[in-house]
Amino acid sequence: ILTGYQDAPAGIEIAPGQHFHPYFPGQKIAMAKALYNDIIEYEDGTPATTSQLAKDVVTFLRWCAELEHDERKLIGFKACGVMLLCIPLLFLMSKKVWTGVNKRHILYQKPTDIKPTDIRPSITSKK
């Protein structure tokens, strides 16, 4: 809305106090253009174009809407630092814990043919 103001094309009638805006529903808006080129002067020499002013307004409004942004960002950086310390320690600890398991070998021996003499006779009553 801030940068979309244009002159009305031929064939479109605009009532007094209204302005043509192609992105607004109905393409007519009563709010006058708020941003113009060179209405302020930046200390660092940045050109004060309408698009630069619109970017600054949006950035300011976002900053006002999210006051806790800086605090959340700081907490995120601290959490990443803790993770950078914990992940290597957990990796080394898991290597130490699982080393014994990894070194074990389970050998499979194929059963040999069972002979009838190897089978233990069952206990039966004598007659």
Side-chain angles (χ1 to χ4, degrees):
I1 287 182
L2 291 174
T3 61
Y5 291 91
Q6 298 174 358
D7 293 332
I12 295 181
E13 294 183 23
I14 303 293
Q18 289 189 333
H19 305 277
F20 180 75
H21 196 290
Y23 307 112
F24 194 76
Q27 298 179 336
K28 297 174 187 174
I29 187 169
M31 182 177 81
K33 185 175 180 178
L35 301 177
Y36 295 96
N37 290 333
D38 300 324
I39 59 173
I40 65 169
E41 185 175 318
Y42 289 101
E43 292 178 3
D44 63 353
T46 303
T49 61
T50 304
S51 61
Q52 180 65 42
L53 293 171
K55 179 183 175 192
D56 292 343
V57 168
V58 170
T59 303
F60 174 73
L61 290 175
R62 180 173 171 103
W63 177 78
C64 289
E66 295 187 23
L67 296 175
E68 72 282 350
H69 177 267
D70 294 339
E71 184 179 342
R72 278 190 291 132
K73 195 173 184 180
L74 183 62
I75 290 171
F77 281 132
K78 287 179 181 179
C80 287
V82 169
M83 291 297 230
L84 285 173
L85 292 174
C86 288
I87 288 174
L89 292 175
L90 288 172
F91 177 74
L92 293 173
M93 188 177 75
S94 71
K95 293 290 272 184
K96 182 175 182 170
V97 168
W98 291 100
T99 299
V101 175
N102 290 340
K103 300 287 183 193
R104 282 189 223 157
H105 295 287
I106 299 174
L107 298 175
Y108 175 73
Q109 293 180 349
K110 185 176 179 181
T112 57
D113 293 335
I114 300 174
K115 300 174 186 171
T117 56
D118 294 339
I119 299 176
R120 195 170 198 194
S122 61
I123 301 175
T124 57
S125 60
K126 293 184 180 180
K127 292 185 184 178

Going by heavy atoms in the side chains, are M93 and K96 under 4.5 Å from each other? no

Any idea which heavy atoms bring A30 and H19 closest together, and the distance? O-CD2, 4.0 Å

Following the transitive rule for hydrophobic clusters with a side-chain heavy-atom cut-off under 4.5 Å over Ile, Leu, Val, Met, Phe, Trp and Tyr, establish whether L61 and L67 coincide in one cluster. no

Do you know which two heavy atoms are closest between Y42 and Q52, and how far apart they sit? OH-CG, 3.7 Å

Rounded distance [0.5 Å steps], CD1 in I39 versus OG1 in T49: 10.5 Å

If you count every heavy atom of other residues, nucleotides or ligands that lies below 6.0 Å from R62 atom CZ, does the total exceed 12? no

Straight-line distance of C80 SG to L85 CG, nearest 0.5 Å: 11.5 Å

Distance, nearest 0.5 Å, that separates CG of L89 from CG of L84: 11.0 Å

Measure the spacing between NZ of K55 and CG of L35 and express it to the nearest 0.5 Å. 14.5 Å

Should the heavy atoms of other residues, nucleotides or ligands under 6.0 Å from CD of E13 be counted, would the total exceed 12? no

Calculate, to the nearest 0.5 Å, the distance between atoms NZ and CG belonging to K73 and D70 respectively. 7.0 Å

Going by the rule side-chain contact (heavy atoms from CB on, under 4.5 Å), which residues pair with P25 if we only count those two or more places apart in sequence or in a different chain? none

Roughly how far, to the nearest 0.5 Å, is the CD atom of E41 from the OG1 atom of T46? 11.0 Å

